[in-house]
Amino acid sequence: MKVDQHWPLGVFDVQCTACPRLASFHEGNRTRYPDFFNAPVPPFGDPSAQLLIVGLAPGLQGANRTGRPFTGDYCGDLLYSTLHKFGLANRAVSVAVGDGFQLVNARVSNAVKCVPPENKPTPAEIKTCNRFLSHELEISQPRAVLALGLVAHQAVIKAQGLAQSAFKFGHAAQHQLSAFRLFDSYHVSRYNTQTGRLTAPMFESVVQAACEFLEHGRGG
Ligand SMILES: O=c1cc[nH]c(=O)[nH]1
């Protein structure tokens, strides 16, 4: 298995089968798509980066194929071009493991590490996988976390052992937690970008706020 990052962060089992439905989806995909990565997708980027970006889950033809979050499908286009614009990546496009693409002071992970059928992890799967996000946050100690969408936002709040009711998700909302500041954005999905729910300027302004917070301790 080709993994280009520090992984499994001490506890993550690359053969994790804790979610039966996801494990069996992987199993079928190993037959259907033998050339795909077809395993839990590790976080990408320096574990000591100050900014952690959290997405939903690997896409079947994207991260599950390439083994890198937001890589190989539409979802990564806006994410990585924006990170590049703000100096958080060495290029605007992430193509595949081994392509030389690097993040700068940023790391990208997902609330759920395995590709879910129909792109929809169940609440139980999100809960089961939360131990890994929790461990990542503990080890990496980011100063800022950018949650892409409601599921990622709730996963981060849960990983910190906090009450969901005290931290409502909203695009461009910021929440000062004891360990880091949480920045919310709508997910960079094809649906959101094509319907105009999330535009490039909207996403850029959230990334800019996170960068300003990291630079000057303020963020909008
Ligand atoms: O949330 C997402 C969407 C696509 N690819 C990912 O890795 N995460």
Side-chain angles (χ1 to χ4, degrees), residues 41 43-45 49 51-64 68-89 92-94 103 106-113 115-116 118-123 125-126 129-130 133 136-137 142-160 162 164-177 180-214 218-220:
V41 175
F44 174 66
L51 174 64
L52 177 70
I53 298 155
V54 182
L56 171 59
L60 178 61
Q61 305 281 339
N64 178 65
R68 183 189 287 166
F70 291 94
T71 297
D73 61 12
Y74 185 91
C75 280
D77 292 359
L78 179 59
L79 173 63
Y80 287 128
S81 64
T82 305
L83 296 187
H84 179 246
K85 189 165 183 173
F86 286 91
L88 296 164
V93 182
S94 166
L103 295 175
R107 183 167 168 87
V108 179
S109 190
N110 278 307
V112 174
K113 308 298 191 257
V115 58
E118 320 266 303
N119 283 333
K120 283 200 181 76
T122 64
E125 289 160 355
I126 296 166
C129 207
N130 199 256
L133 184 61
E136 285 168 70
L137 288 166
R143 286 184 53 222
V145 175
L146 169 52
L148 302 179
L150 175 66
V151 171
H153 165 95
Q154 290 181 335
V156 172
I157 296 297
K158 179 172 175 48
Q160 292 302 102
L162 299 168
Q164 301 291 349
S165 56
F167 303 96
K168 291 286 176 210
F169 173 80
H171 179 77
Q174 296 182 26
H175 310 274
Q176 187 59 52
L177 311 185
F180 51 80
R181 187 173 293 194
L182 174 61
F183 294 80
D184 288 343
S185 169
Y186 291 140
H187 192 282
V188 289
S189 66
R190 181 192 288 266
Y191 177 83
N192 283 347
T193 52
Q194 288 190 344
T195 57
R197 181 174 165 88
L198 180 68
T199 62
M202 282 168 75
F203 187 57
E204 284 167 14
S205 93
V206 174
V207 173
Q208 180 168 6
C211 288
E212 284 175 2
F213 172 73
L214 289 176
R218 61 185 166 80

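Model, not experiment: these values are computed from the prediction. Computed from heavy atoms alone, side chains included, the values below leave out hydrogens, waters and symmetry copies.
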What are the two closest non-hydrogen atoms of F203 and T82, and how far apart are they? CD2-OG1, 3.5 Å
Measuring only between side-chain heavy atoms, which start at C-beta, is C75 closer than 4.5 Å to H187? yes
F86 and E204 have their tightest heavy-atom pair at CZ-O, 3.6 Å
State, with a plain yes or no, whether a side-chain heavy atom of L182 is found less than 4.5 Å away from one of I157. yes
Close side-chain approach of T193 and D77, heavy atoms under 4.5 Å: no
Which atom pair, heavy atoms only, marks the closest approach of L146 to D184? CD1-C, 4.4 Å
Would you call L137 and P142 a side-chain contact if the rule is heavy atoms closer than 4.5 Å? yes
Heavy-atom nearest pair, E136 first then K113, reads OE2-NZ, 2.7 Å
Side chain Q164, main chain Q154, donor-acceptor under 3.5 Å: yes
Can you see which heavy atom on N130 is nearest to which on A155, and at what distance? ND2-O, 2.9 Å
Hey, could you give me the NE2/NZ distance between H175 and K168, rounded to the nearest 0.5 Å? 10.0 Å
CG/L56 to CZ/F70 distance, rounded to the nearest 0.5 angstrom? 8.0 Å
To the nearest 0.5 angstrom, please state how far the CG atom of N110 sits from the CD1 atom of I53. 11.0 Å
Taken to the nearest 0.5 Å, the spacing of L51 CG from C211 SG works out to 7.0 Å
Between F180 and R143, the two heavy atoms sitting closest are CB-O, 3.3 Å
Nearest 0.5 Å, please: how far is OH in Y186 from CG in L150? 10.5 Å
Would you call the rings of F44 and Y80 parallel, tilted or perpendicular if under 30° counts as parallel and over 60° as perpendicular? perpendicular
Show the numbers, then the answer: is there a side chain to side chain contact (heavy atoms under 4.5 Å, CB included) between V151 and V112? CA-CA 9 Å; V151 171; V112 174; 5.6 Å; no
To the nearest 0.5 Å, what is the distance between OG1 on T199 and CG on N192? 11.0 Å
